[in-house]
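Everything below concerns the one structure shown next.
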Amino acid sequence: ADLCEGGTCIPEFVEGGGDAAPVFEAKALRNPNAVVGRCGAFVPNDIVLGGDAPGFVLLTGPNMGGKSTLLRQACLATILAQVGARVPAESLRLSP
């Protein structure tokens with residue numbers, strides 16, 4: 001299977017507030033640049049923050065290990081969701 005290809009999803013916004021913790025859950029999230037055809041050996045990522053999971057992640061690893069890519073794709077997915085665009089992932093749930 002070509003890793004550049006993959007579907008997009010319509011993000012699901014879940015209500016927060018009160019005692020509910022903010023949430024960001026992405027399944028098979030890809031970098032939007034990989035979708036446009038700049039393909040290589042990009043592997044989609046699952047990210048779960050908030051809700052029942054911890055509210056943050058401490059990312060460590062070697063140089064060129066993908067730490068910045070993971071951060072960028074999570075931020076870009078959030079911005080795409082907030083402007084009403086489809087997100088390059090199997091699913092995305094987040095609180096506004």
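Numbers here simply count residues along the sequence, with the first being 1.
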Self-check item: 4.5 Å side-chain heavy-atom contact, Leu29 and Val87
Solution: yes
Quiz item: When you measure from the side chain of Asn31 to the backbone N and O of Gln73, does any donor-acceptor pair fall under 3.5 Å?
Solution: no
Quiz prompt | Pairwise side-chain contact, Val14 with Val23, heavy-atom cut-off 4.5 Å (strictly under) | solution = yes
Self-check item: Heavy-atom pair with the smallest gap, counting every atom of Ala81 and Leu94
Solution: CB-CD2, 4.0 Å
Quiz item: Nearest 0.5 Å, what's the OG1-CZ distance between Thr78 and Phe24?
Solution: 4.0 Å
Quiz item: Has the side chain of Arg30 got a donor or acceptor atom that lies under 3.5 Å from a matching backbone atom of Thr8?
Solution: no
Self-check item: Close side-chain approach of Leu59 and Leu70, heavy atoms under 4.5 Å
Solution: yes
Self-check item: Contact summary for Ala21 and Gly51, nearest pair of heavy atoms
Solution: CB-N, 3.9 Å
Quiz item: Quick check: are there more than 12 heavy atoms from other residues, nucleotides or ligands sitting under 6.0 Å from CZ of Arg72?
Solution: no
Practice problem: Return the minimal non-hydrogen interatomic distance between Ser95 and Pro22, and the atom names on each side. | Solution: OG-CA, 3.2 Å
Quiz item: Closest approach of Pro11 and Ala85, non-hydrogen atoms and distance?
Solution: CD-O, 3.7 Å
Self-check item: Lys27 (side chain) donor-acceptor with Leu92 (main chain) under 3.5 angstrom
Solution: no
Quiz item: If every non-hydrogen atom of Arg86 is compared with every non-hydrogen atom of Leu80, which pair is closest and at what distance?
Solution: O-CD1, 4.2 Å
Self-check item: Single-linkage hydrophobic cluster Phe13~Val48, side-chain heavy atoms < 4.5 angstrom
Solution: no
